[in-house]
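Presented below is the structure to which this report refers.
All figures in this text were calculated on a predicted structure; none of them were measured in a lab. Read the numbers this way: they start at 1 and go in the same order the structure lists the ligands and their atoms.
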Amino acid sequence: MRLRNKPWAKDKLKEYADFVIQEPEQHRGKWGEVFTKDQPLHIEIGTGKGQFITGMAKANPDMNYIGIELQESVIVSALDRLIGENLPNCKLMNVNGAELAKYFTSGDVSRIYLNFSDPWPKTRHEKRRLTFASFLKVYESILVKNGEIHFKTDNQGLFEYSLISFSHYGMKLNYLSLDLHNSDYEGNIMTEYEEKFSLRGSRIFRCEVQFLS
Ligand code: SAM
């Protein structure tokens with residue numbers, strides 16, 4: 001994602017504490033208290049400008065959602081979107097997905113979404129891919145038993161790599177589409193990148209995988 005320098009972003013994220021979780025480590029093991037209703041929590045890692053997470057929260061009021069994004073200058077656009085909505089079941093968190101075990105404990109999270117994650121195509125950057133084994137270990141440690149990851153991307157290389165990574169980790173594949181927009185999958189909520197790349201004619205790959213513990 002191309003970054004514009006927004007030196008004011010940090011202050012804005014602090015100012016809107018109703019929408020952006022300020023001290024996430026305080027809520028470890030008790031995330032229900034952060035939301036109006038204590039209901040299952042789904043998170044998206046690398047939420048970007050928040051189109052997917054707010055769309056999901058709107059479509060599923062019986063779930064809680066947190067959009068997690070590393071870059072202040074990007075998540076501030078998700079904040080602008082959230083401010084304009086009435087979505088008590090949706091919050092944002094400006095942290096690194098690699099460090100989620102600091103903020104969530106086993107069973108806190110019911111599902112993880114990864115959408116159009118940065119592909120990091122060079123082999124020497126493999127460890128940065130959000131589907132690398134060390135990330136899967138963190139995800140497994142915060143999910144409910146048999147928790148799922150739902151992953152979509154336009155990047156065939158990252159998709160193939162991720163399927164192998166899931167398989168090596170011993171995960172179970174529950175759903176696979178090699179062309180989501182020409183499949184019978186219903187209820188797809190598009191991300192910003194998904195809209196952009198599908199308009200350019202790219203195929204969208206999607207899978208649902210499950211931890212067996
Ligand atoms: N999911 C959005 C979409 O589909 O439109 C944004 C996709 S963008 C290519 C990937 C996003 O993931 C970027 O905004 C990036 O800052 C974020 N990201 C990358 N690594 C991350 C990490 N370790 N933790 C949290 N966010 C991360």
Side-chain angles (χ1 to χ4, degrees), residues 1-6 9-10 12-13 20-22 24-25 41-59 65-82 90-104 108-109 111-122 124-143 149-159 161-162 165 177 180-181 185 187-200 202-208:
M1 178 161 297
R2 191 171 327 142
L3 295 181
R4 272 202 298 135
N5 187 26
K6 297 178 184 170
K10 197 189 239 344
K12 186 162 180 177
L13 296 176
V20 185
I21 295 154
Q22 300 294 319
E25 59 282 357
L41 174 62
H42 292 185
I43 65 174
E44 182 190 15
I45 306 171
T47 210
K49 295 181 181 173
Q51 177 169 306
F52 175 82
I53 205 77
T54 52
M56 290 296 282
K58 218 177 285 181
Y65 291 90
I66 300 178
I68 291 168
E69 171 56 53
L70 186 59
Q71 302 289 346
E72 288 163 0
S73 56
V74 176
I75 199 173
V76 82
S77 299
L79 171 59
D80 283 338
R81 189 188 287 276
L82 198 52
C90 190
K91 307 271 181 196
L92 300 170
M93 226 164 107
N94 178 212
V95 299
N96 186 340
E99 298 180 354
L100 291 185
K102 282 193 207 165
Y103 314 116
F104 300 99
D108 274 350
V109 177
R111 184 179 296 162
I112 292 175
Y113 291 99
L114 300 174
N115 293 319
F116 297 80
S117 307
D118 297 321
W120 295 108
K122 292 187 178 142
R124 71 172 191 274
H125 292 147
E126 181 189 3
K127 289 182 180 166
R128 299 184 190 179
R129 298 177 196 152
L130 292 187
T131 52
F132 182 66
S134 62
F135 279 94
L136 299 183
K137 198 168 176 202
V138 172
Y139 306 157
E140 185 178 29
S141 76
I142 67 172
L143 274 165
I149 300 174
H150 292 195
F151 175 51
K152 55 183 175 174
T153 180
D154 65 306
N155 188 300
Q156 187 166 354
L158 178 67
F159 195 69
Y161 167 85
S162 302
S165 183
S177 173
L180 178 65
H181 293 184
Y185 181 77
N188 184 43
I189 304 265
M190 296 245 260
T191 78
E192 283 94 353
Y193 270 62
E194 185 170 358
E195 274 185 3
K196 190 165 88 180
F197 289 117
S198 55
L199 276 174
R200 289 184 194 165
S202 300
R203 254 193 308 159
I204 306 301
F205 304 92
R206 183 177 185 280
C207 68
E208 296 178 6

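- Of all the atoms in ligand 1, the ones that sit under 4.0 Å from a non-hydrogen atom of Thr191 are 3 (C), 4 (O), 5 (O).
- With a heavy-atom cut-off of 4.0 Å, Glu44 touches ligand 1 through its side chain alone.
- Residue-to-ligand polar distances keep Ser117 apart from ligand 1: every N/O pair is separated by 3.5 Å or more.
- When Phe135, Trp120, Phe116 are checked for heavy-atom proximity to atom 9 (C) of ligand 1, Phe116 turns out nearest.
- At distances below 3.5 Å, not a single donor-acceptor pair connects side-chain atoms of Gln71 with backbone N or O atoms of Gly48.
- Between Tyr193 and Phe116, the ring planes lie tilted relative to each other; the angle falls in the 30° to 60° range.
- Results of the side chain to side chain contact (heavy atoms under 4.5 Å, CB included) test with Ile68 over Leu92, Thr47, Val95 single out Val95 as the only residue that passes.
- Considering backbone and side-chain N/O of Gly46, one or more are found under 3.5 Å from N/O of ligand 1.
- Geometrically, ligand 1 and Val74 share no nitrogen or oxygen pair separated by less than 3.5 Å.
- Checking only distances, Gln71 never comes within under 3.5 Å of ligand 1, N or O to N or O.
- Atom CG in Leu180 sits 9.0 Å away from atom CE in Met190 (nearest 0.5 Å).
- Defined by atom type and a distance below 3.5 Å, a donor-acceptor pair is missing between the side-chain atoms of Glu194 and Asn115.
- Every atom of ligand 1 is numbered from 1 in the order shown, and the set under 4.0 Å from a heavy atom of Asn96 is 22 (C), 23 (N), 24 (N).
- Not a single heavy atom of Leu114 lies less than 4.0 angstrom from ligand 1.
- Note: Phe151 and Phe159 have parallel aromatic rings, judged against thresholds of 30 and 60 degrees for the angle between ring planes.
- Annotation for ligand 1: atoms under 4.0 Å from non-hydrogen atoms of Glu192 are 5 (O).
- Between the Ser162 side chain and the Leu158 main chain, a donor and an acceptor come within less than 3.5 Å of each other.
- Close N/O approach between Gly97 and ligand 1 is found [any backbone or side-chain N/O within under 3.5 Å].
- A donor-acceptor contact shorter than 3.5 Å links the side chain of Arg81 to the backbone of Lys49.
- At least one heavy atom of Val95 sits under 4.0 Å from some atom of ligand 1.
- Ligand 1 lies out of reach of Glu194, whose nearest heavy atom is not under 4.0 Å from it.
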(request) Start with the C-alpha gap between Ser77 and Lys6, add the side-chain angles, then the distance that decides, and say whether side-chain contact (heavy atoms from CB on, under 4.5 Å) holds. (result) CA-CA 11 Å; Ser77 299; Lys6 297 178 184 170; 3.5 Å; yes
